[in-house]
Each structure stands twice: as C-alpha cells, then as structure tokens.
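Starting from 1, each residue takes its place in the sequence as its number.
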Amino acid sequence: MKKFGKIIAIASALLFATSIYFSCSNSADEPKKEEQPGGTTDDNKGDDDSGTSDPVSSAGAITESEIDFAKLGIKVKASTATFPQDFVRGFDASTVYAIEKAGMKYLDADGKENDIFKVLKASGVNMIRLRIWNDPSKDDEASKQGGNNLEVTKALAKRATDAGMQYMLDFHFSDTWADPSHQKCPDAWKGITTADEMKAAIANFVESTLQALKESAALPAMVQLGNECEGGILLTNTANTTVQAKAGSDNFTAYIKAAAEKVRAADKNIKIVMHASRGGDASVVSNFIKNTSGIDFDYIGLSYYPFFTSHGTLENLKTNIKAIKNKGKKAIISETSFCWTCDWVEGKCDKTDNQLWYYDKDNNGLVQAAKSLVDSSGKLVMGLNTMTEGGKTVIAPTVQNQYNAVAAVMEASAEAGADGVIYWGGDWITNSAGSVPSAMENQAFWDYDHKILDSAAVFSYGTQKSNTAASNTSGGGNSGSSGGGTLVENYAYTADGNLIEVCSASKFAGISPKSITISIANVEKNDTTDDWWASYYNGESAWVPMKDGWDDSIKGYKSTITDSSTISYFKENGIKIGMLKGLTATVTVSYE
C-alpha cells in the first residue's frame with residue numbers, strides 16, 4: 001500500500017488554544033487497494049500478538065426488529081431491481097477481534113455499547129466474512145490489524161452464527177495480506193521444495209481448519225480459496241520457484257483442487273468461491289474464468305471499488321457478472337466500500353494514511369467514483385450528489401452518499417444476476433493511539449465516536465419502501481423542502497479543543513434551505529478580542545466567528561447564514577463548530 005498523507009489544515013494561528021483540525025488529502029499517487037488491502041503501516045509498532053485468547057464480547061443486547069426507515073437521517077430509495085430472498089448482504093468483520101482487544105467499543109444508534117454482530121444483524125446483514133491467515137504472528141501488520149489465526153476465527157465465527165448469521169471463510173494462504181501484488185507463502189511452508197508436498201500442506205491446512213470449526217459448531221456457509229488471486233498464490237517467500245502457483249499453471253490447479261476437495265469433504269453444502277480483484281475489468285475476469293477451469297467451485301467473487309480506475313464502471317461490473325453466469329458459475333461481490341467523510345479529527349483518528357480522499361493527480365478517488373457510479377447513459381445513479389474539490393467534480397463524501405454508493409453496487413449486482421454484495425472494512429474503526437492502524441476509518445460504518453451510522457441501513461436495501469421525511473431520533477429532523485424546520489435541537493456540546501460535527505449532511509436530505517441558523521446556547525459570553533470563542537466552519541478554509549452574534553434570550557451566540565455557497569457546503573459536509581476548551585453549550589440548528 002502506498003503512503004498518503006493526512007494533510008492537517010490549521011485554520012488560523014489564532015486557533016492556538018483550540019487545536020481544531022480539518023483535513024483532506026491531495027495524494028500524489030493513486031491508492032491501490034489491490035496492491036495490499038488495508039495494509040498501510042503505522043510508525044508506532046505494537047507488540048506481536050497471535051490472538052490466542054477469545055475476542056472480547058460487547059456488552060448489551062439489541063432488539064432485532066425492522067429498521068424504522070422514516071426515522072433515519074438519510075433518504076432511502078426503493079429498489080427497482082429484484083432481490084432474491086437469500087441475496088447475500090455481507091459484512092467483513094475480520095478486524096473486530098483486534099479492535100475490541102485494544103479496548104475500543106462499537107456503539108449502537110442510541111450511543112450505547114452493543115455486540116457488533118447483533119447490531120449488524122438488526123441492520124440487515126445476513127453474511128459475515130472472515131479472513132484467515134496461517135500465522136499472523138509472523139507479520140507485524142497482520143498481527144496488529146486482525147491477528148486472524150484459527151483461534152480468533154473460531155471465536156468470531158461463533159459470535160456471528162450465534163447472532164443468527166452465516167459466514168464466509170476467506171483463506172489467504174499467507175501469514176499476511178494477500179492480493180494481486182502480494183501472494184507471500186506462509187513461513188511454515190517456505191522450505192517446501194516439491195509441488196506434491198505443497199499440495200499436501202494446503203490440503204491439510206484447509207482440512208484441519210474446517211475440522212476445528214466443525215467441532216466448535218461453526219462451519220462456514222461459504223469458503224473462499226485465495227484472496228484476489230487472479231495472478232496466483234504462493235508467488236514469493238519460497239525456497240524453490242517450482243512450488244509457486246501462477247494462475248493457470250498446473251500447480252495452481254492442483255493446489256486449489258486439493259483444497260476444494262477438503263471443503264466438499266467437510267460439508268457438501270458449503271459453497272466454494274474463487275476471488276479476483278478489479279470487478280469491472282473484462283480482461284481480469286475473462287482470464288480468471290479461463291484459469292480456474294477444471295477446478296470444482298461455485299462462485300467467482302469480485303472486488304469492486306468504484307474509486308479505483310482499474311475497477312471500471314457499474315456497467316462494466318454488470319457485463320462481467322453476466323459473463324460469469326454465461327460460463328455456468330455464480331457471481332458475488334466479495335468486497336466493496338465507500339467513505340462517509342474525508343475529514344480527519346485530531347484526538348479521535350490515528351496517524352495512518354487513509355485509503356480514500358478527495359482526489360489525486362491521476363484523477364482517482366472521489367473523482368473516479370463520479371465517473372464509475374453511472375448508468376449506461378453515463379448519468380450518476382441512486383441519487384448520488386457531487387461537489388467541487390480542488391476544481392474537480394467529486395462524489396461528496398457524506399453519510400448519505402455512503403449509503404447511496406453501496407446501494408448502487410447492490411442494485412447493479414442484483415440486476416445483472418449476482419447473488420450478493422459484501423462490504424469490506426466496515427468494522428475498521430480506530431483511535432488516536434493507533435492501536436489498530438486503520439486505512440479505512442472513513443469508510444467504516446461507525447463514526448469517529450464509534451457510533452453506528454445511519455448508512456448501515458443499506459444492508460436492508462431492497463427490502464423497504466422509500467422514506468420521504470428523513471429525520472433522526474437523536475437530533476430532531478427535517479420537515480420537507482420548504483417552510484422551515486429544526487435539524488438539530490439541543491445538542492449537548494462539550495468543547496474539547498476539536499472541530500465537532502453538530503449536524504450531519506444526511507439531515508439535509510430532501511430540503512433546500514434558504515437560510516441556516518446556528519444557536520450556541522447557555523455559554524459564557526466572551527468580551528475579549530478572541531474571535532474564536534465560538535465559530536463555525538464555512539468550507540473555505542475559514543472559521544467564521546460568532547462573537548458579534550450574542551443573544552441574551554438564549555444566553556449564547558446565534559448566527560443566521562444566507563450565503564448560498566456556505567449552505568451548499570453544509571448540505572454536502574455537515575455543520576461543524578468549534579469553541580475554546582473547557583466550554584459547554586447546547587446547540588440548535590434550524591432552517592428556513
């Protein structure tokens with residue numbers, strides 16, 4: 001994974017007391033997840049951990065009932081595609097063990113700690129995906145970013161099945177991340193010198209893993225043999241190149257066939273998946289179909305990240321899904337994701353470079369997404385909206401657009417005949433200590449306070465009618481496109497020296513305000529020359545002080561914004577305010 005800087009824009013030297021930050025990256029290079037999924041490094045290396053203890057179970061219990069879509073702070077569209085009843089609505093939860101072991105908590109919609117698997121089930125998830133590495137203790141990144149050995153996998157698999165979901169087991173056949181550019185032979189096998197010995201090692205590993213899972217009453221419903229392995233497996237770290245397995249080679253076919261036989265022997269009902277990256281690339285998919293001929297498997301899984309040029313458009317993806325089905329195999333999207341923000345908050349995020357930012361020199365990231373998430377006529381789908389960043393048109397990084405983008409992939413996949421979509425990195429929250437270095441915190445389904453986002457309702461996409469009056473139970477709601485209303489009422493704000501989002505962009509769904517009023521009530525009046533006692537961010541790298549907006553009736557500050565560019569910024573990015581440390585207030589946001 002290439003490095004991408006989180007460029008911290010400090011609004012003004014006058015903010016010395018607030019330490020408020022806003023960030024977006026102008027990367028010089030294209031981030032390529034296919035080179036190493038989630039494999040960014042962190043300068044703070046922790047102790048090696050093989051993950052032999054049981055993962056922490058989150059406290060509490062969630063009531064598993066249908067989502068009240070009318071109360072969501074996002075606008076939900078009814079699907080026009082036909083979704084099979086057993087359509088896979090999947091979520092890769094491979095990093096949960098490491099997250100919980102580091103002391104981080106997953107919070108539900110009420111801001112309470114809750115079992116992530118129960119929360120996911122209530123959101124509509126029916127399939128969990130879990131990677132398994134041979135021995136992650138041999139690799140620093142793997143040990144910190146999941147520790148996904150057999151013991152960790154058993155514990156997570158049991159939690160997923162106990163919550164009422166099936167799961168897919170993803171064999172990387174490596175001690176660490178495997179993808180098209182990284183297929184490293186596990187250390188335990190690197191001394192093997194013959195193909196027959198290597199085939200036996202692979203078969204034994206698959207067999208013993210599935211036997212252990214069977215004994216713990218948690219066999220997978222699906223098994224993926226190799227991760228983004230269109231180039232092959234075991235391509236480095238071998239004592240003898242004759243044991244390597246390039247795609248289409250005799251070794252590749254023999255190794256995967258031997259593994260598949262052990263899957264069938266464990267349980268004939270387990271479905272076998274072969275996984276390739278770049279789901280919209282016709283040459284990758286056609287070659288993968290050819291190179292897997294003669295192997296017993298059920299599905300071709302595709303990674304599809306619309307912010308990578310090489311992954312193509314939704315129409316390209318649909319064409320490849322149909323090509324897979326025409327060859328007698330089923331199709332599934334094994335990985336996809338999208339961001340809910342491009343902001344970075346000091347004290348809540350780690351220092352690891354995130355994978356997805358606004359744009360870079362090669363027109364990728366959110367610029368590329370605006371070119372990929374289109375229909376056959378080239379028009380953006382699913383209500384996605386754009387903004388201008390650095391003079392370029394980009395998909396706006398909002399909670400609403402995270403929902404829209406994933407729904408678009410689900411819709412296109414179902415239309416083309418795929419059997420499901422699995423989200424990758426949705427669990428990968430982080431903290432300021434970088435305990436579990438994350439390149440995906442802004443693509444997770446939990447915010448920087450670790451509270452689940454409304455966009456997680458996308459896992460129920462295709463099962464519900466549209467909502468016409470999007471609102472949010474935790475902060476009021478909007479009430480149509482005209483006539484005015486309250487977006488956030490009496491938000492309890494505690495100034496901690498950071499820029500705080502008090503009103504998410506999702507609350508603007510379906511309204512076009514002429515003015516926005518921000519009230520910061522019950523706060524000490526500032527009679528000094530410090531303009532930054534209370535302020536809001538207007539999207540132009542500038543803080544707008546509210547010092548002159550003192551209102552005795554609320555014992556606080558009030559500003560009414562009518563500038564159209566600032567309102568547009570609010571709609572696309574939410575409203576963020578800052579105050580000096582040590583202050584508390586009650587914030588209300590209304591509109592006309």
Side-chain angles (χ1 to χ4, degrees), residues 33-39 86-95 125-133 146 148 153 160 165-174 177-180 182-183 220-231 233 247 256 259-260 263 270-281 284-285 288-289 292 295 297-308 310-312 314 316-318 320-321 323-325 329-338 405-406 409-410 412-414 416-428 440 443 458-459:
K33 178 182 177 298
E34 56 261 37
E35 290 186 359
Q36 186 173 343
D86 58 352
F87 188 81
V88 171
R89 302 167 181 278
F91 184 96
D92 193 305
S94 300
T95 317
V125 174
N126 58 17
M127 178 76 72
I128 294 296
R129 183 172 180 255
L130 299 172
R131 62 177 169 263
I132 185 166
W133 290 319
N148 302 100
T153 301
M165 295 175 287
Q166 296 180 318
Y167 78 98
M168 174 194 289
L169 183 63
D170 173 14
F171 284 95
H172 280 226
F173 297 127
S174 182
W177 303 100
D179 54 59
H182 303 85
Q183 295 287 341
M222 306 179 85
V223 166
Q224 185 177 293
L225 298 176
N227 194 77
E228 295 186 334
C229 61
E230 67 263 28
I233 59 174
I256 301 299
V263 175
I270 297 175
K271 303 301 181 185
I272 299 175
V273 182
M274 296 298 298
H275 179 208
S277 72
R278 291 169 280 180
D281 187 318
V284 167
V285 174
F288 196 58
I289 292 172
T292 54
I295 298 173
F297 70 99
D298 304 289
Y299 283 88
I300 286 183
L302 301 173
S303 292
Y304 181 70
Y305 295 94
F307 42 85
F308 290 143
S310 61
H311 286 230
L314 284 177
N316 298 147
L317 177 66
K318 290 166 68 174
N320 287 341
I321 290 171
I324 290 169
K325 292 177 65 64
K329 298 297 181 181
K330 296 180 180 181
I332 190 169
I333 307 305
S334 285
E335 297 182 20
T336 194
S337 70
F338 204 78
V406 179
V409 175
M410 294 174 70
S413 299
D419 284 359
V421 172
I422 300 172
Y423 194 90
W424 194 88
D427 60 336
W428 206 351
M440 297 285 290
Q443 296 187 65
V458 75
F459 294 107

Open item on the list: Applying the side-chain contact (heavy atoms from CB on, under 4.5 Å) criterion to Ile256, which one of Ile233, Thr292, Ile272 satisfies it?
Closed with: Ile233
Open item on the list: Among Ile422, Ile270, Ile332, which residue satisfies the side-chain contact (heavy atoms from CB on, under 4.5 Å) criterion with Met222?
Closed with: Ile332
Open item on the list: With a 4.5 Å cut-off on side-chain heavy atoms, are Gln224 and Phe171 touching?
Closed with: no
TODO: Walk me through it: do Asn148 and Ile132 pass the test side-chain contact (heavy atoms from CB on, under 4.5 Å)?
DONE: CA-CA 5 Å; Asn148 302 100; Ile132 185 166; 5.6 Å; no
Task: Beyond-backbone contact of Met165 with Val125, side-chain heavy atoms, under 4.5 angstrom - done: yes
Open item on the list: Go through it in stages, so that I can follow the logic: the residues are Phe87 and Val421, the test is side-chain contact (heavy atoms from CB on, under 4.5 Å), and I'd like the CA-CA distance, side-chain angles, deciding distance and then a yes or no.
Closed with: CA-CA 8 Å; Phe87 188 81; Val421 172; 4.2 Å; yes
Task: Verdict with supporting geometry, Leu225 and Met274, side-chain contact (heavy atoms from CB on, under 4.5 Å) - done: CA-CA 6 Å; Leu225 298 176; Met274 296 298 298; 4.1 Å; yes
Task: Between Ser303 and Glu228, a side-chain donor and acceptor under 3.5 Å - done: yes
Open item on the list: Could you tell me if the side chain of Phe91 sits less than 4.5 Å from the side chain of Trp424, heavy atoms only?
Closed with: no
Task: Pair Tyr423, Asp92: side-chain N/O donor-acceptor within cut-off below 3.5 Å - done: no
Task: Exercise: identify the closest heavy-atom pair between Ile321 and Ser413 - done: CD1-CA, 3.9 Å
TODO: Specify the closest pair of heavy atoms between Asn320 and Gly279, including all atoms of both residues, with the distance to one decimal.
DONE: ND2-O, 2.8 Å
- [ ] Kindly indicate whether a cation-pi arrangement holds for Lys271 with Tyr299, taking the cut-offs as under 6.0 Å to the six-membered ring centre and within 45° of the axis.
- [x] no
TODO: Measure the CD-CD1 distance between Glu230 and Ile289 for me, rounded to the nearest 0.5 Å.
DONE: 12.5 Å
Task: Exercise: identify the closest heavy-atom pair between Ala160 and Ile128 - done: CB-CG1, 3.9 Å
Task: Contact check, side chains of Lys330 and Ile324, non-hydrogen atoms, under 4.5 Å - done: no
Open item on the list: Check whether Lys318 reaches the backbone of Gly417 with its side chain - one donor and one acceptor, N or O, closer than 3.5 Å.
Closed with: no
Open item on the list: Evaluate Val458 against Met410 for side-chain contact (heavy atoms from CB on, under 4.5 Å), listing each step before the verdict.
Closed with: CA-CA 9 Å; Val458 75; Met410 294 174 70; 4.1 Å; yes
TODO: Would you check if Gln183 and Cys229 make a side-chain contact, meaning some heavy-atom pair closer than 4.5 Å?
DONE: yes
Open item on the list: Show the nearest heavy-atom pair for residues Phe338 and Ala405, with the distance to one decimal.
Closed with: CG-CB, 3.5 Å
Open item on the list: Taking Asp170 first and then Arg131, would you say they form a salt bridge - that is, a charged N and a carboxylate O separated by under 4.0 Å?
Closed with: no
- [ ] Could you tell me whether the side chain of Asp86 reaches within less than 4.5 Å of the side chain of Val88, counting heavy atoms only?
- [x] no
Open item on the list: Return the CG to NZ distance between Asp298 and Lys329, rounded to the nearest 0.5 Å.
Closed with: 6.5 Å
Open item on the list: For Ser334 versus Val273, what's the shortest heavy-atom pair and its separation?
Closed with: OG-CG1, 4.3 Å
Open item on the list: When you measure from the side chain of Arg89 to the backbone of Phe459, do you find a donor-acceptor pair of N or O atoms at a distance under 3.5 Å?
Closed with: yes
Open item on the list: Under a 3.5 Å distance rule, please check whether His172 uses its side chain to pair with a backbone N or O of Asn227 as donor and acceptor.
Closed with: no
Task: Any donor-acceptor pair under 3.5 Å from Gln443 side chain to Gly425 backbone - done: no
Task: Donor-acceptor side-chain pairing of Tyr304 and Glu335 below 3.5 angstrom - done: no
Open item on the list: With rounding to the nearest 0.5 angstrom, report the OH to CG distance, Tyr167 to Leu169.
Closed with: 5.5 Å
TODO: Measure across Ala259 and Phe173 and return the closest heavy-atom pair with its distance rounded to 0.1 Å.
DONE: CB-CZ, 4.4 Å
- [ ] Answer whether the closest heavy-atom distance between the side chains of Pro306 and Thr336 falls below 4.5 Å.
- [x] yes
Open item on the list: Taking the side chain as everything from C-beta on, heavy atoms only, tell me whether Ser337 gets closer than 4.5 Å to Met440.
Closed with: yes
